[in-house]
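See below for the structure under consideration.
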2 protein chains.
Amino acid sequence: MTKINLKILAHELGVSVSTVSKALQDSYEISQETKDKVRSLARKLNFQPNPYASSLRRHQTRTIAVIVPEIANNFFALAINGIESIAQEKGYHVLIYLTHDSYEKEKSICEHLQSGRIDGVLMSVTTETQEYEHIAKLMDKGILLVFFDRVRHEIETAKVTTDDFVSGLSATEHLIQNGAKRIAYLSLSPNLSIDYKRKAGYLEGLHKYNISQAPELIVECTNNDEEAYQRIKALLTSPHRPDGVFASVEKLATIAYAVCQELSLQIPQDVKLICFSNLKIAALLSPSLSTITQPAFEIGKEAASILFQHLDRKRASIPNENIVLKSILVPRASSQGETLMI
Amino acid sequence: MTKINLKILAHELGVSVSTVSKALQDSYEISQETKDKVRSLARKLNFQPNPYASSLRRHQTRTIAVIVPEIANNFFALAINGIESIAQEKGYHVLIYLTHDSYEKEKSICEHLQSGRIDGVLMSVTTETQEYEHIAKLMDKGILLVFFDRVRHEIETAKVTTDDFVSGLSATEHLIQNGAKRIAYLSLSPNLSIDYKRKAGYLEGLHKYNISQAPELIVECTNNDEEAYQRIKALLTSPHRPDGVFASVEKLATIAYAVCQELSLQIPQDVKLICFSNLKIAALLSPSLSTITQPAFEIGKEAASILFQHLDRKRASIPNENIVLKSILVPRASSQGETLMI
DNA sequence: CTGTTAGCGCGTTCAA
DNA sequence: TTGAACGCGCTAACAG
């Protein structure tokens, strides 16, 4: 167990600590010869300068935090993949924090993050998030923030999202064009940006086709899977069962699917189902399901790029901006086609 | 943008810096009165001590790295979920690094991690990893390591895996009991622990039922999806097509499924398919698929627990140990049953 | 019970 | 072109 530091290197080479430091940073003040000497020894001992000592001096950590509700969700997993790839490229390090969709946890994580551990945050808020003082406090400490997917428009900063309204509209039209007349919307939480935008698209879709919206067809599902299951079951056993279901998020589609199986409802004969999903396997395994796929990887990359750009330029804050990427509707029919590979 | 530190707090309260430091750490040396004063001001200014300064002094970072091949894979996502939950509980921070199954990247990440940024590593190696000097170097710097899932037995430390041999055997028996006679094994890489153990289980299963193993039925698929697709297609269009396929990992099952669709092969009538998969949605959406589910979340939790335990006790190394958790075989028939919820 | 001092490892003056 | 000295913010040893 050999701990190396500048001092040891300096001693070994018979030069001063600051010379070694400068040499490793390729400073113009140091002769080529000395640089070579220093570097070859550093490589030989595989020395890496202590990043925390360096952070302390430089007042920057080259570390960001990613705060998401969950990770076993292909959208977030893919987004993190995008984030990590840009981070690796730009020499940043990525800390992961999961809120499990709890506001309390989100708050507590943000509070811990005021310590100077990170330069910036990429965040997708919880469905419970109503206030955002915890986020304001973070920004007050000079920590840059970029939202992605589940954003809060009340906070001034960059936000990377998908065209939720448009795709909500497309999804609804898709169901209508496939013959659905009574279309239900499964909502996760009305105070979630992605949810109310998709719902607005849904409403617009109905309106466009002169279909009146029956209030009982909008089902508020909570984060509680059991409860969601019961509510969807109630919906699908009601006298006027819908013939189309639009699940606003992947999890609700899964639950709706399970309910259909329990009730022996055929998809898409009895009920047509469309959902937001980034599981290629879902489209693949189930020819009965239409899906809307978000460019999750690109969202992650885009959000990270914006953050790193502003960090590298040492900006004090990120101007308000909405970056909207397009999702892709994968209709049932072509689900078996070319979009196969993961 | 208000940057607070101990000095400011001390000045504000008219006490010394070390008093504040001790008070915040609830040291027995400090009077209750002073503690209260200090803490109330700290809370008011929402002050968090700089963790990097503290790391520098204490020689411990309370930060670990998780190195995995990919994240958009439900097994790893769930494992990270487990890791993060324990980390949050124990007050550790989690850095994420993805290798994309490239040995070069794994090596480079390990080298960067020698800097003292972390106290420990949780790791799942790439299929390409043949040497492990990069890992040895890490450990030489006093960084503790626990492997999970994709392990290297050559390295002495704790390893958390599933009963790959047993479940490989069960999977094969399952196919045989469902009438398959010519069973193919889709392999990812023979130098991957999970793979060769599962394959050993497969061979044992054939042996047990006196089925001779035809070499052409073991298909080495690489990480290249296109190539895997072609090889599986070749397998399924060969004159003596197998009537059972055992996919050693989820991705290969997806590809195999896609090939079946292209060739219009019915599952399970033409070909029975079983695979390792942690996507509940796979079992849910496809009544034709049997799956073996690993306790991914628990694996993550277990690996993290072991690591934190040893870190907290300031052990210099972790003794060799194999922790083996049980996977669950979810047969096709019950795929529609109770195991519905995500 | 509180304060003074030293130093973790590094980068950055400034002087030589 | 190099080196000595200082301090980032914090904790630990020691003194009072």
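Below, chain A is the first sequence line, B the second, and so on; all start at residue 1.
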Carefully, step by step, assess D140(A) and K3(B) under the rule salt bridge (charged side-chain N to carboxylate O under 4.0 Å, His left out).
-> CA-CA 9 Å; D140(A) 184 53; K3(B) 296 259 180 192; over 6 Å; no
Nearest whole angstrom, please: distance from the C1' of dG9(D) to the NE2 of H59(A).
-> 9 Å
Using a cut-off of strictly less than 4.0 Å between a heavy atom of the residue and any atom of DNA chain D, enumerate the qualifying residues of residues 35-53 of chain B by number.
-> F47(B), P49(B), N50(B), A53(B)
For K7(B) and dT11(D), give me the distance from atom NZ to atom P, rounded to whole Å.
-> 15 Å
By side chain to side chain contact (heavy atoms under 4.5 Å, CB included), which residues pair with P51(A), not counting sequence neighbours?
-> S115(B), R117(B)
Side chain to side chain contact (heavy atoms under 4.5 Å, CB included) involving S102(A) - partner list, sequence neighbours excluded = E104(A), K105(A), E128(A)
With sequence neighbours excluded, what pairs up with E84(A) under the side-chain hydrogen bond (donor to acceptor under 3.5 Å, both in side chains) test?
-> Q88(A)
With sequence neighbours excluded, residues passing side-chain hydrogen bond (donor to acceptor under 3.5 Å, both in side chains) with K37(A) = none
Can you tell me if NZ on K90(A) sees more than 12 non-hydrogen neighbours from other groups inside 6.0 Å?
-> no
With T61(A), which residues qualify under side-chain hydrogen bond (donor to acceptor under 3.5 Å, both in side chains), at least two apart?
-> D119(A)
Pull out every protein N or O sitting under 3.5 Å from an N or O of nucleotides 12-16 of chain D, one pair per line with the distance.
{"unit_1": "dA12(D)", "atom_1": "O4'", "unit_2": "R57(B)", "atom_2": "NH2", "d": "3.4"}

Decide if the gap between the ring center of H112(A) and the ring center of Y97(A) is smaller than 6.0 angstrom.
-> no
With sequence neighbours excluded, what pairs up with E33(A) under the side-chain hydrogen bond (donor to acceptor under 3.5 Å, both in side chains) test?
-> none
Using atom CG of L9(A) as one end and atom P of dG3(D) as the other, report the distance to the nearest whole Å.
-> 14 Å
When we call it a touch if two heavy atoms are under 4.0 Å apart, what does S55(B) touch: a base, just sugar-phosphate, or nothing?
-> nothing
So, the side chain of K141(A) versus the backbone of L113(A): is there a donor-acceptor pair under 3.5 Å, distance only?
-> no
ring-ring contact (aromatic ring centres under 6.0 Å, His included) partners of residues 298-318 of chain B, not counting sequence neighbours, each pair once = Y92(B)-F308(B)
Along DNA chain C (nearest heavy atom to each residue), the more 5'-positioned of L56(B) and G14(B) = G14(B)
When the distance from CD of Q60(A) to P of dG9(D) is rounded to whole Å, what number comes out?
-> 15 Å
Let me have DNA chain C in dot-bracket notation, would you? Count Watson-Crick plus G-U wobble pairs, both distances under 3.5 Å, and use [ ] for pairs crossing earlier ones and | for inter-strand partners.
-> ||||||||||||||||
Of all nucleotides in DNA chain C with an atom under 4.0 Å from a non-hydrogen atom of chain B, which is the first and which the last going 5' to 3'?
-> dC1(C) to dG9(C)
Crowded around Q60(A) CD? As in, over 12 foreign heavy atoms under 6.0 Å?
-> yes
Can you name the side chain to side chain contact (heavy atoms under 4.5 Å, CB included) partners of F297(B), sequence neighbours left out?
-> N81(B), S85(B), K301(B)
